[in-house]
Amino acid sequence: MDLFEVKSDKKKEGKRIPLAARMRPRCLDEFAGQRHILAPGKLLRRAIDADRIASLILYGPPGTGKTALACLIAKMSNAHFEVLNATVAGVSELRKVIAQAKERERLKGGKTILFLDEIHRFNKLQQDALMPDVEEGVITLIGATTHNPFFSIAAALVSRSQIFEFKPLSDVDILTILKYAIKDKERGLGALPLAPDDTALRHLAKVANGDARRGLNALEVGALTTAPAPDGRIHYTLQVAEDSIQKKAVVYDQ
């Protein structure tokens with residue numbers, strides 16, 4: 001099973017996959033934000049739709065959709081998908097993936113996409129190990145980083161990749177994601193008798209500061225730790241939201 005794939009069966013639910021992971025978009029039309037690169041007609045959108053992905057480096061703040069986009073590419077592509085995290089992977093793991101990719105191409109003519117999270121944590125030696133096979137097309141690289149790749153990644157690797165910047169999500173984007181999570185009975189919190197206040201959700205959206213993961217985490221922890229009221233509903237109030245995201249709402253006057 002793909003490491004990104006989120007199942008809704010009871011076995012997976014028992015493992016308590018975080019809400020932010022469960023609510024990753026299942027198609028590009030569900031993707032919130034980043035319309036400057038993913039709106040219909042944009043280059044990256046066309047490449048994904050046509051399954052013609054070149055090596056990519058996705059950079060931007062946390063919780064803006066870099067891993068979510070990699071999930072979508074994994075689901076939509078006919079390529080074999082491999083996942084490594086640069087915080088724990090080394091040259092030996094890279095060489096193993098590359099060797100398997102070469103064998104796969106030789107036997108089946110299939111292509112391999114390698115998603116490398118936290119790519120900026122690779123040192124020069126590790127990045128150099130990638131370059132020949134990226135250049136020759138043995139693997140298609142998708143790197144994700146919170147750092148500017150022009151400063152944190154080897155210039156030779158940057159020159160072999162298309163660079164796409166992810167921007168912080170707007171309050172409206174995050175509010176849309178929160179409301180969708182509340183309604184979704186299969187992956188979200190729709191099975192709970194949750195009664196959220198609009199002020200509470202707006203507070204989460206604002207304080208999340210462009211990070212959808214932060215907003216969803218706060219929504220989930222508040223919903224799961226608040227006892228139902230006498231009417232049987234879980235009232236997600238502004239106070240609950242403040243406690244969940246650890247920041248008070250500030251009221252400004254003149």
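Predicted model, so just to flag it, every value in this text is computed and none were measured. Quick note: residue numbers are just sequence positions, from 1. All heavy atoms count here, side chains included; hydrogens, waters and symmetry mates do not.
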With a 4.5 Å limit on heavy-atom distance, are the side chains of [X] and [Y] in contact?
X      : Y      : answer
Leu169 : Gln34  : yes
Met23  : Glu220 : no
Leu44  : Gln162 : no
Leu56  : Leu69  : no
Met76  : Leu28  : yes
His235 : Thr226 : no
Glu118 : Val88  : no
Val97  : Glu93  : no

As a quick check of understanding, evaluate side-chain contact (heavy atoms from CB on, under 4.5 Å) for Thr112 and Glu82, giving each step before the final call. CA-CA 7 Å; Thr112 300; Glu82 292 281 351; 4.1 Å; yes

Treating Ile, Leu, Val, Met, Phe, Trp and Tyr as nodes and any side-chain heavy-atom pair under 4.5 angstrom as an edge, say whether [X] and [Y] lie in one connected cluster.
X      : Y      : value
Ile48  : Phe164 : yes
Leu58  : Leu43  : yes
Val83  : Ile53  : yes
Phe115 : Leu130 : no
Ile142 : Val134 : no

Please report the C-alpha distance between Leu94 and Leu114 in whole Å, then the side-chain angles of each, then the deciding distance to 0.1 Å, and finally whether the side-chain contact (heavy atoms from CB on, under 4.5 Å) criterion is met. CA-CA 9 Å; Leu94 273 179; Leu114 169 62; 3.9 Å; yes

Spacing of [X] atom [atom1] and [Y] atom [atom2] [to the nearest 0.5 Å]:
X      : Y      : atom1 : atom2 : answer
Ile139 : Lys102 : CD1   : NZ    : 10.0 Å
Asp171 : Leu201 : CG    : CG    : 12.5 Å
Asp184 : Glu30  : CG    : CD    : 8.5 Å
Ile57  : Ile163 : CD1   : CD1   : 4.0 Å
Arg121 : Ile119 : CZ    : CD1   : 13.0 Å
Arg35  : Ser170 : CZ    : OG    : 11.0 Å

Looking only at heavy atoms, what is the nearest atom pair of [X] and [Y], with distance?
X      : Y      : result
Pro193 : Gly232 : CG-O, 3.4 Å
Asp211 : Gly63  : OD1-CA, 3.2 Å
Ala208 : Gly215 : CB-N, 3.9 Å
Tyr236 : Leu204 : OH-CD1, 3.4 Å
Pro25  : Ala68  : CD-CB, 3.9 Å
Phe31  : Gly65  : CZ-O, 3.4 Å

Scan side-chain atoms only and decide if Thr199 and Asp197 contain a donor-acceptor pair under the 3.5 Å cut-off.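 The criterion, which ignores hydrogens and geometry beyond distance, is not satisfied for Asp197 and Thr199.
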
For the pair Glu103 and Arg106, evaluate salt bridge (charged side-chain N to carboxylate O under 4.0 Å, His left out) and give the outcome as yes or no after the intermediate values. CA-CA 5 Å; Glu103 186 69 5; Arg106 184 182 70 83; 2.6 Å; yes

Donor-acceptor pair, distance only, cut-off 3.5 Å: does the side chain of [X] make one with the backbone of [Y]?
X      : Y      : value
Glu136 : Asp133 : no
Ser55  : Leu141 : yes
His203 : Ile245 : no
Arg233 : Leu194 : no

Side chains of residues 149-160: which donor-acceptor pairs under 3.5 Å do they make with residues two or more places apart or in other chains?
unit_1 : atom_1 : unit_2 : atom_2 : d
Ser152 : OG     : Asn148 : O      : 2.9
Ser159 : OG     : Ala156 : O      : 2.8
Arg160 : NH1    : Ala156 : O      : 2.6
Arg160 : NH2    : Glu135 : OE1    : 3.3
Arg160 : NH2    : Glu135 : OE2    : 3.4

Tell me, please, which residues at least two apart from His120 pass ring pair (Phe, Tyr, Trp, His ring centres under 6.0 Å).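 Here the qualifying residues are His147.
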
For Lys75 and Arg24, run side-chain contact (heavy atoms from CB on, under 4.5 Å): C-alpha distance rounded to whole Å, both residues' side-chain angles, the deciding distance at 0.1 Å, then the answer. CA-CA 12 Å; Lys75 292 176 181 177; Arg24 284 173 182 157; over 6 Å; no

Got a list of side-chain donor-acceptor pairs under 3.5 Å for residues 174-183, not counting sequence neighbours?
unit_1 : atom_1 : unit_2 : atom_2 : d
Thr176 : OG1    : Val172 : O      : 2.9
Tyr180 : OH     : Arg26  : NH2    : 3.0

Intermediate values then yes/no, side-chain contact (heavy atoms from CB on, under 4.5 Å), Leu219 and Leu19: CA-CA 9 Å; Leu219 175 66; Leu19 179 65; 4.2 Å; yes

One pair to check against salt bridge (charged side-chain N to carboxylate O under 4.0 Å, His left out): Asp51 and Lys111. What are the steps and the verdict? CA-CA 11 Å; Asp51 195 12; Lys111 61 181 181 178; 3.6 Å; yes

Below 4.0 angstrom, N of the basic side chain to O of the carboxylate: do Asp29 and Arg45 qualify?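 Judged by the 4.0 Å cut-off on N to carboxylate O distance, Asp29 and Arg45 do form a salt bridge.
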
